[in-house]
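One-based numbering, in listed order, for ligands and for the atoms of each. In this text, all values refer to a predicted model and were calculated from it rather than measured experimentally.
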Amino acid sequence: MIFEKNILCIGAGYVGGPTMAMIAHKCRQYKIMVVDINADRIAQWNSDDIPIYEPGLDEIVKASRGINLFFSTKIEQGIKESDIIFVSVNTPTKTFGAGAGMAADLQYWEKTARQIREYAESDKIIVEKSTLPVKTALAMERILTSTDNGIHFDILSNPEFLAEGTAIKDLENPDRVLIGSQETPSGLRARDELVKIYAQWVPLEHIITSNIWSSELSKLVSNAFLAQRISSINSISALCEKTDADISEVARAVGMDSRLGNRFLNSSVGFGGSCFKKDILNLVYLCRNYGLDEVADYWEGVVAINDYQEERFVLKILNAMFNTLAGKKICLFGFAFKADTGDTRESPAIFISKRLIEERSELAITDPKALKNAMIDLNGLDGEIKYIEDPYEAAIGSDAIAVMTEWGVYKDIDYEKVFRSMAKPAFIFDGRNILDHKKLFEVGFNVFPIGKPALTHF
Ligand code: NAD
Ligand code: UGA
């Protein structure tokens, strides 16, 4: 088959895989190749058991794979054959040297720029899909144009806003697609090429364009605002616990103001995920670099409140259970950083598990999709940890259940049966406020929600 365009994506992760699967699904006229240095990951993308759990993803991958969607490790060939290259490699927080613990680690990103320069034989459009510090496109441009081989590159910023667990829905029907470009004639032509791809399924009024720096910055700011809302509501949950106010009632009242809106106001054990913390720290680092310490302090507070909320949850368990957890068995319901994903990156459950082990409790962890990752995250911890898929079995003999992830299955559990199998007094700490607290109290549990009065039998 002759394709209209060859599209390459470097990085077959949570973003590269699903976004390219969606383009392939919507645009049969384009050939999409997704490459990665991780051969195992590519093998999984080519297998029956694809490496990411995301509702709806399996179907669209399998419907396009081998037709116009290909997964491969042949990076050089991919670069040579492509007209448009999306770069979707990881940009984690730097763990060494200047900016350690704050700045984005751009080594993977820079390596791809150098690979593109080395192998490209024709003009190309390079699309930043990864989340990057503002002005990264400038560095990319300098690397790509540092040898005079006559090849022209246009660099675009097209940050990804999908959330895990709803990636396919978000990609199919995005609130917005943002494309930033240089305002030169060739930059604008490249921008229009990318608009043309998205316009195959996204209404034009949802495709917005801007200058390239605004686009890079908008991504960091979007995540910072979302995380800020969670830290705002979580900070108030602490005050509710002191005053007998109820965080759900407060969130409902606040959220009904149409200027504020009611989404992202669920108080929780804290936000996790691979991006919120890293992107805010990246923003903080940028601000400090530009001498904007007050602005940096303001955003750093969002991360500080999240850390506080996680630690507060551990202390709540400790205090409620008579100030000792040594030898007690605590069953964690959920380990993923949110429901409908097997991803555990930066999951509050990791920190909380480590703290509970420090307090010498024994853990039984259950999760419908994330047990494999949980085992990797907690590998080497010096304590007793069991990983059990069935929540009923996991809870047997426990002193307490702590809900870490808002999986729907935990709402539908027969808690009378669970209560009967547990040690007494039995405790439930609902870190997501998803359970029917009154009912659990009637069953016999001592119930500790977030930001609401506890219901205890003492
Ligand atoms: P990921 O770690 O799942 O995937 C990145 C992939 O890039 C890995 O498989 C890695 O092997 C590969 N890679 C690294 N260097 C490479 C190279 N030189 N050549 C080929 N492959 C290489 O990361 P992710 O979650 O997909 O995130 C990618 C980017 O997208 C990050 O900047 C992230 O901030 C951003 N983002 C992520 C999400 C999300 O929900 N996970 C959402 C929006 C934006
Ligand atoms: C987030 C953003 O929502 C995406 O737009 C963005 O593209 C992505 O980060 C990214 O850049 O990686 P994601 O991390 O997948 O997506 O998931 P969210 O739904 O945003 O949830 C993040 C965390 O906040 C989860 O731990 C979730 O449980 C928590 N959360 C969310 C709350 O505690 N309360 C809420 O009301 C909402």
Side-chain angles (χ1 to χ4, degrees), residues 8-20 34-42 44-45 51-52 54 71-76 78-79 86-93 104-116 128-133 136 158-167 170-171 174-176 219-220 222-227 229-234 237 251 255 262-280 282 306 309-310 334 336-341 343-349 404-406 431-434 450:
L8 175 73
C9 176
I10 304 182
Y14 284 88
V15 169
T19 48
M20 292 304 120
V34 189
V35 291
D36 205 293
I37 39 173
N38 182 338
D40 286 346
R41 211 167 205 188
I42 290 297
Q44 285 176 50
W45 279 112
I52 292 170
E54 195 62 67
F71 294 93
S72 162
T73 51
K74 293 184 182 151
I75 300 177
E76 178 178 342
I79 292 172
F86 286 82
V87 183
S88 185
V89 297
N90 38 330
T91 51
T93 303
D105 182 349
L106 297 175
Q107 60 172 309
Y108 308 100
W109 170 258
E110 188 175 323
K111 191 159 173 249
T112 57
R114 289 174 190 278
Q115 283 173 316
I116 294 170
E128 294 179 344
K129 200 50 155 162
S130 300
T131 302
L132 295 157
T136 302
N158 171 223
E160 184 48 60
F161 296 104
L162 69 79
E164 288 177 32
T166 53
D170 297 340
L171 287 167
D175 284 352
R176 79 296 207 193
K219 173 63 197 178
L220 293 182
S222 296
N223 274 359
F225 271 54
L226 289 167
R229 261 175 92 89
I230 303 168
S231 279
S232 296
I233 201 74
N234 281 344
S237 75
N262 60 8
R263 296 178 65 190
F264 258 67
L265 284 178
N266 292 325
S267 187
S268 67
V269 69
F271 61 72
S274 62
C275 294
F276 277 180
K277 188 171 172 189
K278 109 175 147 59
D279 292 348
I280 294 173
N282 188 345
N306 200 52
Q309 187 76 348
E310 292 177 356
F337 81 96
K338 63 188 277 196
D340 289 325
T341 175
D343 193 353
T344 59
R345 292 178 291 178
E346 295 292 336
S347 176
M404 296 284 100
T405 313
E406 70 280 22
R432 295 288 181 169
N433 284 345
I434 53 166
I450 300 268

Which atoms from ligand 1 have a heavy atom of [X] less than 4.0 Å away?
X    : value
L162 : 40 (O), 42 (C)
S88  : 5 (C), 28 (C)
T112 : 17 (C), 18 (N)
K219 : 43 (C)

How far apart are the closest heavy atoms of [X] and [Y], and which atoms are they?
X    : Y    : answer
I79  : L8   : N-CD2, 3.7 Å
S268 : N234 : N-OD1, 2.9 Å
R41  : G13  : NH1-CA, 3.5 Å
T405 : A339 : CG2-N, 3.6 Å

List the closest protein heavy-atom neighbour of [atom]: residue, atom name, distance to the nearest 0.1 Å.
atom                    : value
atom 25 (C) of ligand 2 : F337 O, 3.4 Å
atom 35 (C) of ligand 2 : N266 O, 3.6 Å
atom 23 (O) of ligand 1 : R345 NH1, 3.9 Å
atom 15 (O) of ligand 2 : E164 N, 2.7 Å
atom 34 (O) of ligand 1 : K278 NZ, 2.6 Å
atom 14 (C) of ligand 1 : N90 OD1, 3.2 Å
atom 43 (C) of ligand 1 : E160 O, 3.2 Å
atom 1 (C) of ligand 2  : F276 CE2, 3.4 Å
atom 32 (O) of ligand 1 : T91 OG1, 2.6 Å
atom 12 (C) of ligand 1 : D36 OD2, 3.2 Å
atom 24 (P) of ligand 1 : Y14 N, 3.9 Å
atom 17 (O) of ligand 2 : K338 NZ, 3.1 Å
atom 3 (O) of ligand 2  : L226 CD1, 3.7 Å
atom 33 (O) of ligand 2 : S268 OG, 2.6 Å
atom 5 (O) of ligand 2  : F161 O, 2.7 Å

Q. Is R432 near ligand 2, meaning one of its heavy atoms is under 4.0 Å from it?
A. yes
Q.
If we only consider heavy atoms of R263, is any one of them less than 4.0 Å away from an atom in ligand 2?
A. no
Q. Would you say the side-chain atoms of T73 pair up with the backbone N or O of A39, donor to acceptor, closer than 3.5 Å?
A. no
Q) When you measure from the side chain of S130 to the backbone N and O of N90, does any donor-acceptor pair fall under 3.5 Å? A) no
Would [X] count as being in polar contact with ligand 1, using the rule that some N or O on each side must be under 3.5 angstrom apart?
X    : result
R41  : yes
E164 : yes
K129 : no

Q.
With no hydrogens and no angle check, just 3.5 Å: does a side-chain donor-acceptor pair link K129 and N158?
A. yes
(Q) Students often mix this up, so state it plainly: with edges at 30° and 60°, are the rings of F71 and W45 parallel, tilted or perpendicular? (A) parallel
Which is closest to [atom] in terms of heavy atoms, [options]?
atom                    : options                : value
atom 30 (O) of ligand 1 : V15, N38, L132, I42    : V15
atom 7 (O) of ligand 2  : N262, D279, V269, L162 : L162
atom 29 (C) of ligand 2 : T341, I230, N234       : I230

Q. Between F161 and R176, is there a cation-pi geometry (under 6.0 Å to ring centre, at most 45° from the normal)?
A. yes
